[in-house]
Amino acid sequence: MLVLGIESSCDETGAAIVQDGRYLRSNIVASQIEIHNRYGGVVPEVASRQQLSTIIPTLETALDKAGCGWSDIDAIAATYGPGLAGSLLVGLTVGKALALARNLPFIGINHLEAHIYANWLRKDEAAPPDNALAAADWTYQDGDPIFPLICLVISGAHSELALLRDHGQYELLGRTRDDAAGEAFDKVSRILGLGYPGGPAIQQAAQRAEEALLQLKKPVALARSAYRLPRAWLRGTYDFSFSGLKTAMLHLAEGVVNSQQNSGAAGNGEGKQISQYTRMGAQAAQYGAPNVDLLASSFQEAIVDVLAVKTRLAAQEYHVKQVLLAGGVAANLSLRARLEQELLPLRIHLRYPPIDLCTDNAAMIAGAAFFHLCRGEQSGLDLDVHPGLSLPFRK
Ligand code: KG4
Ligand code: ZN
């Protein structure tokens, strides 16, 4: 089954063609990062206008790259939430209109569920011949994730720990009580003058700090503990809270003097405001790395610490054999390595999608759609956008 997926929930326009929920025939993402970087975050009105101008060329490229004509496509899927209303509306409307015009089945997909299903995608494996998959075999193929499993869904607006007993069966174990993990990365990146999106910028700064220490033949752990930052453990729950950490970072940055002249520390290119942590100069010299990089490393460690420990505890309590990471923050290398370290002694296997399939893309939309379509599910063409949609947890 070939599904054409469309993603337009925020600032990425995606179109992809995926076979049997797993094999990528094409996956095109038009990013608006350059445009929003100027404002330090996504401007919704700009995002939806941009979606409008890129969606058709993106779709055409996806069909082209897959070597597909319309007659090859079996169904169309588009994100209907959560996300920015204006952006969602573009992809959903185009998806429904194409389904109507081509007389194809249509299904609206929950963006968060799609992030989870990115773990079923196989990037570098050639697709088997069409129709090789027996109808009864759609639930499992060798190499798929194995239920029951724990999934940590961490994106720009969500941080949820879920137990998945089977396809479509979600139990909520914990969620953030304030900021999402990605949101914390983005806000702290802005505080540190490192730009948008914050996750990759902070990860890079942390890597610079660690490399500087390595050159001095000092352990990298020194960078991660250079600043003592709070961790909200919220013991006895699987909930998260990152707002205290964000406030601590703000207080640490109180001594900031914004300076155009001081370059190097933030490494953010020309013409951008660069933050200089004046009060911490002495400490920076001691560690041989710019303060902003040490701060980034300590901050990343504080987030990773809580996410990894809580996920490991949940995996132990529910006796699962596999843990999945999903959402943009799943691209974080430090989190992947730390969680692997936590799970290895327990013989629990950690899985995560390739980096470019962690952040927003349409392949995951087409992938998730396959499993719904196989259950005989479709959406009506009256389906509207749901900006505040959450995962369909069982009560
Ligand atoms: O899933 P996603 O692409 O969009 C949403 O659905 O929200 O996630 C975007 C979030 C942003 O907050 C971004 O800073 C974060 O994912 N992110 C990362 C990394 N790459 C993206 N966070 C930490 N480390 C990364 N390498
Ligand atoms: Zn996303």
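Keep in mind that the numbers below use all heavy atoms, side chains included, and drop hydrogens, waters and symmetry copies. Counting starts at 1 for both ligands and their atoms, in listed order.
- Side chain of Gln32 to main chain of Ala47: a donor-acceptor pair is present (N/O by atom type, distance under 3.5 Å, no hydrogens or angles).
- For ligand 1, the atoms closer than 4.0 angstrom to any heavy atom of Gly156 are 5 (C), 7 (O), 8 (O), 9 (C), 10 (C), 12 (O).
- In the vicinity of Ala157, heavy-atom distances shorter than 4.0 Å reach the ligand 1 atoms 7 (O).
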Review point. Checking salt bridge (Lys or Arg N to Asp or Glu O under 4.0 Å) for the pair Arg22/Glu125: CA distance, chi angles, key distance, verdict?
Key: CA-CA 9 Å; Arg22 300 168 178 94; Glu125 260 179 70; over 6 Å; no
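- Within Asp360, the N, O or S atom lying nearest to the Zn ion (ligand 2) carries the name OD1.
- Figure legend: cation-pi geometry between Arg165 and Phe147 absent, as NZ or CZ is not positioned both under 6.0 Å from the six-membered ring centre and within 45° of its axis.
- Atoms of ligand 1 found under 4.0 Å from any heavy atom of Asp186 (numbered from 1 in listed order, with element): 11 (C), 12 (O), 13 (C), 14 (O).
- Using a cut-off of 2.8 Å, one finds that Cys10 contributes no N/O/S atom close to the Zn ion (ligand 2).
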**Study point:** Step-by-step ring-ring contact (aromatic ring centres under 6.0 Å, His included) determination, Phe370 to His167
**Key:** CA-CA 11 Å; Phe370 169 79; His167 288 288; 9.0 Å; no
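- Note on Arg338 versus Asp305: salt bridge recorded, some NZ/NE/NH1/NH2 to OD/OE distance being below 4.0 Å.
- Heavy atoms of other residues, nucleotides or ligands lying less than 6.0 angstrom from CZ of Arg351 number more than 12.
- Considering only non-hydrogen protein atoms, atom 25 (C) of ligand 1 sits nearest to Gly199 C, 3.7 Å.
- Among protein heavy atoms, the minimum distance from atom 17 (N) of ligand 1 is reached at Gly328 O, 3.5 Å.
- Residue-ligand proximity: His111 is placed with a non-hydrogen atom under 4.0 Å from ligand 1.
- For the pair Cys10 and ligand 1, no heavy-atom separation below 4.0 Å is found.
- Contact atoms of ligand 1 toward Gly182: 12 (O) (distance under 4.0 Å to a heavy atom of the residue).
- For atom 24 (N) of ligand 1, the closest non-hydrogen atom of the protein is Asn332 ND2, 3.0 Å.
- Protein heavy atom at the shortest distance from atom 2 (P) of ligand 1 is Asp360 OD1, 3.3 Å.
- Comment: Arg122 does not engage Asp20 in a salt bridge, judged by the lack of any side-chain N to carboxylate O separation of less than 4.0 angstrom.
- Of all the atoms in ligand 1, the ones that sit under 4.0 Å from a non-hydrogen atom of His115 are 1 (O), 6 (O).
- The aromatic ring centroids of Phe299 and Phe185 lie less than 6.0 Å from each other.
- Residues His111 and Tyr80 place their aromatic rings such that the two centres sit no closer than 6.0 Å.
- The closest protein non-hydrogen atom to atom 26 (N) of ligand 1 is Gln203 OE1, 3.2 Å.
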